[in-house]
Amino acid sequence: MSSTIDESTARALGGTPAQPRSYEVRTFGCQMNVHDSERMSGLLEEAGYVRAEGGAEPDVVVFNTCAVRENADNRLYGHLGQLRPVKERHPGMQIAVGGCLAQKDRDTILAKAPWVDAVFGTHNVGALPALLERARHNEAAQLEILESLEVFPSTLPTKRDSAYSGWVSISVGCNNTCTFCIVPSLRGKERDRRPGDILAEVQALVDDGAIEVTLLGQNVNSYGVEFGDRLAFGKLLRACGAIEGLERVRFTSPHPAAFTDDVIEAMAETPNVMPQLHMPLQSGSDRILREMRRSYRSTKFLGILDRVRAAIPHAAITTDIIVGFPGETEEDFQATLDVVERSRFASAFTFQYSKRPGTPAADLPDQLPKAVVQERYERLIALQDRIAAEENARQVGRTIEVMATAQAGRKAGETHRLSGRARDNRLVHFSVPEGAEAPRPGDLVTVAVTAAAPFHLIADPAGRDEYALRRSRAGDAWDRAQAESCGVPAAPAGSAGASVQGGRGVSLGMPTLPVRAR
């Protein structure tokens, strides 16, 4: 967007036409929060704010919070405490807190951090600019928490973080009553968007250059419950398959209890639905699953995985697991280890049980000692790391398609490798042979896997004949976005200026990408 705004808008925000107020959104938590933060950014930019440059001190800091983990509030108040002296020396600076923790704690935030200017919840993200302006005008903190959703968030303006990939929310809220989870009380009952609205947003993303979308829902596969179509999610996947230019469709997170065979069939029969599935296990013990109010058992869970792998042989399956739920015995924990061994997860998000006030599990007897939970957690991590390493080792020699991303690995400077995601969502670090053209974020390369580690694959082609680059519409969109942010025109796709390697020009905004030494 333009770096200047009209005088009346700028002055209302406390800035000037030449120097509008800057903002930064700091996100904690899940993919839903990441997408909500994109909306917060869109709202602020529509109101005339501009994103703060890297390293610059913003005029407005917005915290989009999570309340799932036990240390969520400590983390927030730590950040707020660090900002207090910054605000004292920065005239006109404002701080806002939104998201799940704001929905839960409400007045507590202002009591503990009275230097906060605005607090808003999960149901009224759209109020953010108005709350900031009221706080500035009234010189007093503003608190606004709604108990139910008034406007579906996807109708709000959105500032996407990526030109080549986007989140699309298909539902909000949750109808389940898992005893460890506070989310339903913070985000409310499930609300489903109409299929036409979802597909219109997907089409808009594709028209802007994206080639990948991830469908989001608290229980994404229960989509359709609000309008009475239990097959709606499978139909939605198939409809995404008909969108020209959309190359990769992902979704998260499904619930095993509602996962039906029509969804597996849709995944297998829709070419742009990726061979990847995140299926939360939580526990392998049927007794603990009952205590958690997870309405499936280990046999059903394993059966789903078997059917997915029969239909999609190269599918990578990931999961969530909680260790140390109240009353968990060594026998219960061993059942989890047994299911993990059988499931062969590509990776797992593992958590130590976190007691959250307001959840039924918080009041259960037999809360486990920290030392017991820690020891079990370490055993689970060791098992899953071994399995992940073995599963990744099986990928060595396979030829895979990787979409390059803007993120680089920690050792990129030493290895001269770029990073991307395979179709099954495995992280891949790959090198570009000498004399070959490097991809832009959003471009696709075809390479063979040459080595593996527990958390990533490596592809080091020996020469140009082992490396293929396909420049994509998404890479063109990346170039355009970088050109707009720099205020200079983008080079046409395929032109010398659009290249990123050798002496043929530099893709704007890309870091230096040296080829691997020979």
Side-chain angles (χ1 to χ4, degrees), residues 176 178-181 219 221 252-261 263-264 275-355 361 364-395 424-426 452-455:
N176 290 316
C178 301
T179 56
F180 57 81
C181 186
N219 290 305
N221 58 312
T252 195
S253 290
H255 193 293
F259 202 79
T260 50
D261 287 348
V263 173
I264 299 174
Q276 170 215 351
L277 178 65
H278 184 75
M279 183 64 69
L281 169 64
Q282 307 302 5
S283 174
S285 162
D286 289 351
R287 189 184 72 82
I288 294 297
L289 288 172
R290 280 193 296 271
E291 291 293 315
M292 290 179 167
R293 292 186 196 157
R294 301 285 289 178
S295 47
Y296 57 88
R297 300 296 175 257
S298 58
T299 300
K300 177 170 183 174
F301 183 91
L302 291 166
I304 292 171
L305 271 52
D306 289 343
R307 293 194 298 278
V308 168
R309 287 177 169 138
I312 313 166
H314 290 298
I317 299 175
T318 58
T319 197
D320 297 330
I321 302 172
I322 297 173
V323 177
F325 187 82
E328 180 189 76
T329 64
E330 180 61 29
E331 183 181 9
D332 293 321
F333 178 66
Q334 184 59 51
T336 295
L337 297 180
D338 292 344
V339 173
V340 169
E341 186 74 69
R342 286 189 56 187
S343 297
R344 310 296 298 177
F345 297 118
S347 65
F349 297 91
T350 52
F351 306 93
Q352 297 185 33
Y353 169 73
S354 181
K355 185 176 181 179
L364 289 176
D366 300 325
Q367 303 281 332
L368 271 61
K370 170 65 175 177
V372 172
V373 178
Q374 182 67 35
E375 188 274 336
R376 290 177 184 172
Y377 178 75
E378 290 172 2
R379 274 193 282 157
L380 175 62
I381 291 290
L383 172 62
Q384 179 53 43
D385 285 357
R386 172 179 65 77
I387 292 170
E390 291 169 355
E391 290 301 303
N392 277 358
R394 294 175 56 190
Q395 308 302 310
D424 64 9
N425 209 38
R426 281 184 166 93
F455 307 115

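The chain is numbered in sequence order, starting from 1.
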Does Pro326 offer a backbone N or O that forms a donor-acceptor pair with the side chain of Glu291 under 3.5 Å? no
Which pairs pass salt bridge (charged side-chain N to carboxylate O under 4.0 Å, His left out) with one or both residues in residues 293-311, sequence neighbours excluded? Asp261-Arg307
Holding to salt bridge (Lys or Arg N to Asp or Glu O under 4.0 Å), I want the full list of residues that pass it with Arg287, two or more places apart in sequence or in another chain. Asp332
Taking atom CG of Leu277 and atom CD1 of Ile312, what is their separation to the nearest 0.5 Å? 8.0 Å
Ignoring hydrogens, what is the shortest heavy-atom contact between Ala335 and Gly284? Give both atom names and the distance. CB-O, 3.7 Å
With no hydrogens and no angle check, is any side-chain donor or acceptor of Thr319 less than 3.5 Å from a backbone partner on Met279? yes
Quick test of your reading: applying side-chain hydrogen bond (donor to acceptor under 3.5 Å, both in side chains), list the pairs with at least one residue in residues 340-349, sequence neighbours left out, ordered by first then second residue. Glu341-Arg344, Glu341-Arg386, Arg344-Glu390, Arg344-Glu391
Within the 4.5 Å heavy-atom criterion, are Arg376 and Leu337 side-chain neighbours or not? no
Have Gln334 and Glu330 got a donor and an acceptor in their side chains that come within less than 3.5 Å? no
Residue pair Ile387 / Val340: nearest heavy atoms and the distance that separates them: CD1-O, 3.5 Å
Donor-acceptor under 3.5 Å (Asn176 side chain, Cys178 main chain): no
Give, for atom CG of Leu368 and atom NZ of Lys355, the distance between the pair rounded to the nearest 0.5 Å. 12.0 Å
Checking Tyr296 side chain against Leu281 main chain: does a donor-acceptor pair fall under 3.5 Å? yes
Gln367 side chain vs Ala361 backbone, donor-acceptor pair below 3.5 Å: yes
Taking ring pair (Phe, Tyr, Trp, His ring centres under 6.0 Å) as the test, write out the residues that go with Phe325, two or more places apart. Tyr353
Which atoms form the tightest heavy-atom contact between Thr318 and Ala346, and what is the distance? CG2-CB, 4.3 Å
Nearest 0.5 Å, please: how far is CG in Asp338 from OG in Ser298? 9.5 Å
To the nearest 0.5 Å, what is the distance between CZ (Arg394) and NE2 (His314)? 9.0 Å
Partners meeting ring pair (Phe, Tyr, Trp, His ring centres under 6.0 Å) with Tyr377 (sequence neighbours left out): none
Closest heavy-atom pair and its distance - Pro280, Pro254: CD-O, 3.2 Å
Compare every heavy atom of Ala348 with every heavy atom of Ile321, then report the nearest pair and how far apart it is. CD1-CB, 4.5 Å
Is there a donor-acceptor contact under 3.5 Å from the side chain of Glu375 to the main chain of Ala371? no
Output the distance between atom CD (Gln282) and atom CE (Met292), rounded to the nearest 0.5 Å. 6.0 Å
Who passes ring pair (Phe, Tyr, Trp, His ring centres under 6.0 Å) against Phe455, sequence neighbours left out? none
With distance as the sole test, does Asp366 use its side chain to make a donor-acceptor pair with the main-chain N or O of Glu328 at under 3.5 Å? no
Here the gap from Thr260 atom OG1 to Asn221 atom CG, rounded to the nearest 0.5 Å, amounts to 7.0 Å
Flag, side chain of Asn392 to backbone of Ala453, donor-acceptor distance under 3.5 Å: yes
Check Ala311 against Ile264 and note the closest heavy-atom contact, atom names and distance. CB-CG2, 3.8 Å
Contact between Leu305 and Phe345 at the side-chain level, heavy atoms closer than 4.5 Å - yes or no? yes
Quick one, Ile381 and Thr350 - any side-chain contact, counting heavy atoms below 4.5 Å? yes
